[in-house]
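This report refers to the structure that appears directly beneath it.
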There are 2 protein chains.
Amino acid sequence: MAVAGQRVSIFDVAKRASVGVGTVSRVLNGREGVSAATRKRVLAAIDALGYHPSRLASGLSRGRSDAVAVVVPFITSPSVVVRLEGILEVLDNVGLNTVLYSVGNRQQRDRHLGVLGDRHEAAGVIVVSIRLSRQHVERFSAVGTPLVLVDTRVAGVPSIEVDNREGGRMAASHLLGLGHRSFGFIGDIDRKHLGFSSSSERLEGFSARIAEAGIDPSRIAVRSGIHSAGEAAVLAASILELVEPPTAIFAASDTQASGVLSYLKSKGLTAPGDLALIGFDGLEVSALLGITTVAQPLFESGVRGAQLLLQLLAGEVPDPGELVLPLRLLPRSTTVSGASIEPVSRSP
Amino acid sequence: MAVAGQRVSIFDVAKRASVGVGTVSRVLNGREGVSAATRKRVLAAIDALGYHPSRLASGLSRGRSDAVAVVVPFITSPSVVVRLEGILEVLDNVGLNTVLYSVGNRQQRDRHLGVLGDRHEAAGVIVVSIRLSRQHVERFSAVGTPLVLVDTRVAGVPSIEVDNREGGRMAASHLLGLGHRSFGFIGDIDRKHLGFSSSSERLEGFSARIAEAGIDPSRIAVRSGIHSAGEAAVLAASILELVEPPTAIFAASDTQASGVLSYLKSKGLTAPGDLALIGFDGLEVSALLGITTVAQPLFESGVRGAQLLLQLLAGEVPDPGELVLPLRLLPRSTTVSGASIEPVSRSP
DNA sequence: TAGGATGCTGGAAGCGCTTCCAAGCATGGG
DNA sequence: CCCATGCTTGGAAGCGCTTCCAGCATCCTA
C-alpha cells in the first residue's frame, strides 16, 4: 500500500524492482523486449507499492493522451443521452478510456475544443450536437487529431446525421394524409448559442411540405421555448387558446410532445380527437405514451460515430465519411385513433 | 493562427512577448506582480499565436489538475442523468471544469478511482451511485483530494443520500392503506457488480413493512432483471401469469414501473383496476404517465453534492457532512382511481 | 575462435508547465 | 548622495512519464 501522503512514481517502482525506469515503462505499456523474469519482478513491485501511472505525465511525455474525448452539450436532452450510450457501448468494449466534456455555453465550447484541438489531450474526439466552426475543425486537422461529429456536420469531417428537413416533411405528410389542414409547431430555442439547428430545420421541412399542399405555411402557429416537457405544455396552452386553434401539432421532440399530451390530459382533452399530435426522436417515452413520432436511430448514431472514430484511430479512411441515417415514421395513438398498443420492447 | 502541425508552447509566447516563461505563467494564472504593460504584451502574444495552455503540463507541474472529476456509472438510468444535471448546474456556474468518468464495470471503476485517488488528477471528485470500498476512500484521504458521494455512502465521507428502506416502507404503507394484501416486486440486478444496492434496500423496507402488517413477506412475488422498461414489462408478465397474481406491484424505479404500465395497456388491463402500481424516483415520466411514485430529490442531490464539494475545495468542513434527503409519496392514478391529472410542471 | 547479430537493460533528454530564488530597477528616506 | 525597500522580471529546477541511444551479455555463423 502507498504510504500516506506520498505519491509513488515510476522511479520508486524501478528502485524496488532493481531495474531502470525505462524497463518499468516498457512493462507498463506491454512493450516487448523485457525478459519474463524482469517483467514479473516489476509487476510485483507495482503491486506491492499500489502504483498507478500518472495519466498526466504519460500524456505529456507521449505528446498525446490515449483517452477518447466526447464533447456533449449540457446533458439536458434525453436524445443526447441515448447517443452517448451508443458511443460508450462501443468505446467501452474495446477498452478505450472515455472522458466526457460537458459544454454549457459558447465559452466552454471554445475552451474545450481549443485545448482538445491544439494540444494532444485526446487520441480522438467525438463532438455531439454542437455546431463547429471551420476554425475549430482546422485546429484538429492541423494537428492530426481524429474528429467525428454526431448529429452535426461540417463538410469534409466524418459525421453521422439524419435529415431533419426530411423528418419535418414526413410529419407534415402524415398529418396531411389524415386530413389535417391547420397546424401548430412547438420547437426549442438555442438559448446557449451552441448552434443547435435541428428544431428549426424540422420546421423548415414541415413548412415546405405544408406549402406544397397548397396551405399558407405562415398560418402555422409557431411557438418556441426552452427544451422541456413543462415548457412545451405551456406553449401548447397558448396555441390551444387561439380563436381558431389548429387540429394538429408537430412537436420538435418527443420530450416536448409528451408535455403537450400531458397538458391535453389535464384539460380532459384527448388525442387525436381534440388534437392530433406528432413528435420527433423515437424516445422510449413516446412508445410508453403512444405518441406518433418521427423516429431517428439515436443509439445507432452513437455506435456508428464511435466506430468511425475507431477506424480513424486505426489509420483507415472511412468510406462513406458523412453518413445520413434513415428516419421512420411510427404512427401511434395520438394521430391514428385505435392504433394498437404495443408493450415497450426489451432491447433499447 | 497556429502554424499547421506545430504546437505552440509557453516558451513561444514568452519569446514573442520578449519576456520570461515565468511571466507568461503569471499572466495565465491571473497572478499579480506583473505590470499592466507587460501583461498586455503577453496577452497579445497569446492571442496572436492562438495559444492554449496544456492542461496536462500544468496539472503535472502543479501536482494537481484544477478540474473536478465526476465518476458515474455507465449512464443507463435516467436518475443518474438528473443527478448529473444538478451537479453540472452548480459546477458550471462557478466556472469549474468538469470531466465525467463513465464506469461500466469494476475494472474501470478501480482504474479510474485508483488514478484519481493516487495521483492528483482532479481538484476534487464526486462519485455517483457507485459503492466504494474503504480502500478506495483511504487513497483519497491520504493524498487529501476532496471526495463527495452522491447516492452512496461510506462512513466519514461527505455524502448525499436518501433512505431507500424507508422509501420501501412508504410504498408498502400506501398499498396496505388501500387494502392490498398480495404483492409483487420488480427490481434490478447489479450485473456490473458496482455495488448498486438501492433496489434491494427498497425491497427490504417494503418487506419489513409488509411483515409488520402480519403478511408473510416471503409470499411477495419478487422478480429481478436488468434495469429497463422493456425488461420490466417481461417481468410483469411473469408475475401476472401466476395462478394467484398479486393485486399490487412495487417497481424499484419509475423506469421499470413505466414498463409494467405499458405491458398492462398492451393487454387491455388498467391500473389500479386490474393491478395497482407504484414506482420510485419521481422522474418526469411518472408524472406524464400518472404513475404513483416515491419521489426522491434527484436534481437536488446533485446540487447539494456539488455544493458540498465546493465547500471542501474552499477548505471548509461541511457541518452535516452526511446528508439524508427526504422522500415524498406522490399518489397518482395507478393506485388511486380518479386521481386528478396535473400537467407536468415547468421547472424540472 | 573471432566477428557480428540479437536481446535486454539503464538512464539521459525532453514533453510544457509552475514555482521559487536571485537579480534588476525605481523610489523614498536619511 | 547612498542604501534599504518593494516591484517586476528571468530562468533553472522539477513534476512523472516515454523514448532513444548506448552498453553489455549472449548467441550464432563462418
Side-chain angles (χ1 to χ4, degrees), chain A residues 2 5-42 45-46 49-67 114-116 118-123 143, chain B residues 2 5-42 45-46 49-67 114-116 118-123 143:
Chain A
Q6 278 295 340
R7 261 169 284 170
V8 184
S9 83
I10 198 173
F11 187 78
D12 302 308
V13 175
K15 202 158 57 181
R16 171 144 187 155
S18 313
V19 299
V21 291
T23 302
V24 177
S25 175
R26 268 163 237 140
V27 172
L28 284 174
N29 296 291
R31 224 172 293 278
E32 53 187 39
V34 179
S35 73
T38 308
R39 181 179 302 270
K40 182 175 278 180
R41 274 220 318 288
V42 171
I46 288 174
L49 295 171
Y51 167 74
H52 289 272
S54 155
R55 292 158 169 163
L56 295 183
S58 110
L60 176 59
S61 174
R62 212 190 308 250
R64 59 159 52 256
S65 156
D66 59 352
V115 175
L116 286 172
D118 198 34
R119 338 282 344 181
H120 283 200
E121 293 202 3
V143 299
Chain B
Q6 280 294 341
R7 261 168 285 171
V8 184
S9 81
I10 197 172
F11 187 78
D12 302 309
V13 176
K15 203 158 54 181
R16 171 148 189 148
S18 312
V19 299
V21 291
T23 302
V24 177
S25 175
R26 268 163 237 139
V27 171
L28 284 174
N29 296 290
R31 225 171 293 278
E32 51 187 41
V34 180
S35 72
T38 307
R39 180 180 304 271
K40 182 174 279 182
R41 272 218 321 287
V42 171
I46 288 175
L49 295 170
Y51 167 74
H52 289 272
S54 155
R55 292 158 169 161
L56 294 183
S58 110
L60 177 59
S61 174
R62 212 190 308 249
R64 60 159 55 253
S65 155
D66 59 351
V115 174
L116 286 171
D118 197 33
R119 338 284 342 184
H120 283 198
E121 293 201 3
V143 299

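Here is the naming used below: chain letters follow the sequence lines, and residue numbers restart at 1 for every chain.
End-to-end axis angle for the helix from dT1(C)-dA30(D) to dG30(C)-dC1(D), using five pairs per end and rounding to 10°, comes out at 50°.
DNA chain C is contacted by L60(A), S61(A) of residues 54-65 of chain A, taking any non-hydrogen atom closer than 4.0 Å. Contacts between residues 30-40 of chain A and DNA chain C, defined by a heavy-atom separation below 4.0 Å, involve G33(A), V34(A), S35(A), T38(A), listed by number. For DNA chain C, the residues of residues 15-27 of chain A within the heavy-atom distance limit of 4.0 Å (strictly under) are S18(A), V19(A), G20(A), V21(A), G22(A), T23(A), R26(A), sorted by number.
Sorted by first and then second residue, the salt bridge (Lys or Arg N to Asp or Glu O under 4.0 Å) pairs with a member in residues 9-23 of chain B form an empty list; sequence neighbours excluded.
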With B for base contact, S for sugar-phosphate-only contact and - for none (protein heavy atoms under 4.0 Å), nucleotides 22-28 of chain D reads -------

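Side-chain contact between Y51(B) and I10(B) is present, with at least one heavy-atom pair separated by less than 4.5 Å.
Partners of S61(A) by side chain to side chain donor-acceptor pair (under 3.5 Å), not counting sequence neighbours: none found. When the salt bridge (charged side-chain N to carboxylate O under 4.0 Å, His left out) test is applied to R26(B), no partner is found at least two apart in sequence or on another chain. Under the side chain to side chain contact (heavy atoms under 4.5 Å, CB included) criterion, D66(B) pairs with no residue, sequence neighbours left out. S18(A) pairs by the side chain to side chain donor-acceptor pair (under 3.5 Å) definition with nothing, not counting sequence neighbours.
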Please tabulate, for the side chains in residues 33-41 of chain A, all donor-acceptor contacts under 3.5 angstrom to protein atoms that are two or more places apart in sequence or on a different chain.
| residue | atom | partner | partner atom | Å |
| --- | --- | --- | --- | --- |
| S35(A) | OG | T38(A) | N | 3.3 |
| S35(A) | OG | T38(A) | OG1 | 2.7 |
| R39(A) | NH2 | R31(A) | O | 3.3 |
| R41(A) | NE | A17(A) | O | 3.0 |
| R41(A) | NH2 | A17(A) | O | 3.1 |

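Of all the heavy atoms in L56(B) and G59(A), the pair that sits closest is CD1-C, 3.6 Å. The minimum heavy-atom distance linking L116(A) with A122(A) is given by the pair CD2-CB, 4.1 Å.
Counting only distance, with no hydrogens or angles, the side chain of R55(B) and the backbone of A67(B) share no donor-acceptor pair below 3.5 Å.
Counting 5' to 3', DNA chain C first comes under 4.0 angstrom of a heavy atom of chain A and last does so at the ends given by dC8(C) to dC17(C).
Once rounded to the nearest 0.5 Å, the distance linking CG of L28(B) with OG of S58(B) reads 9.5 Å.
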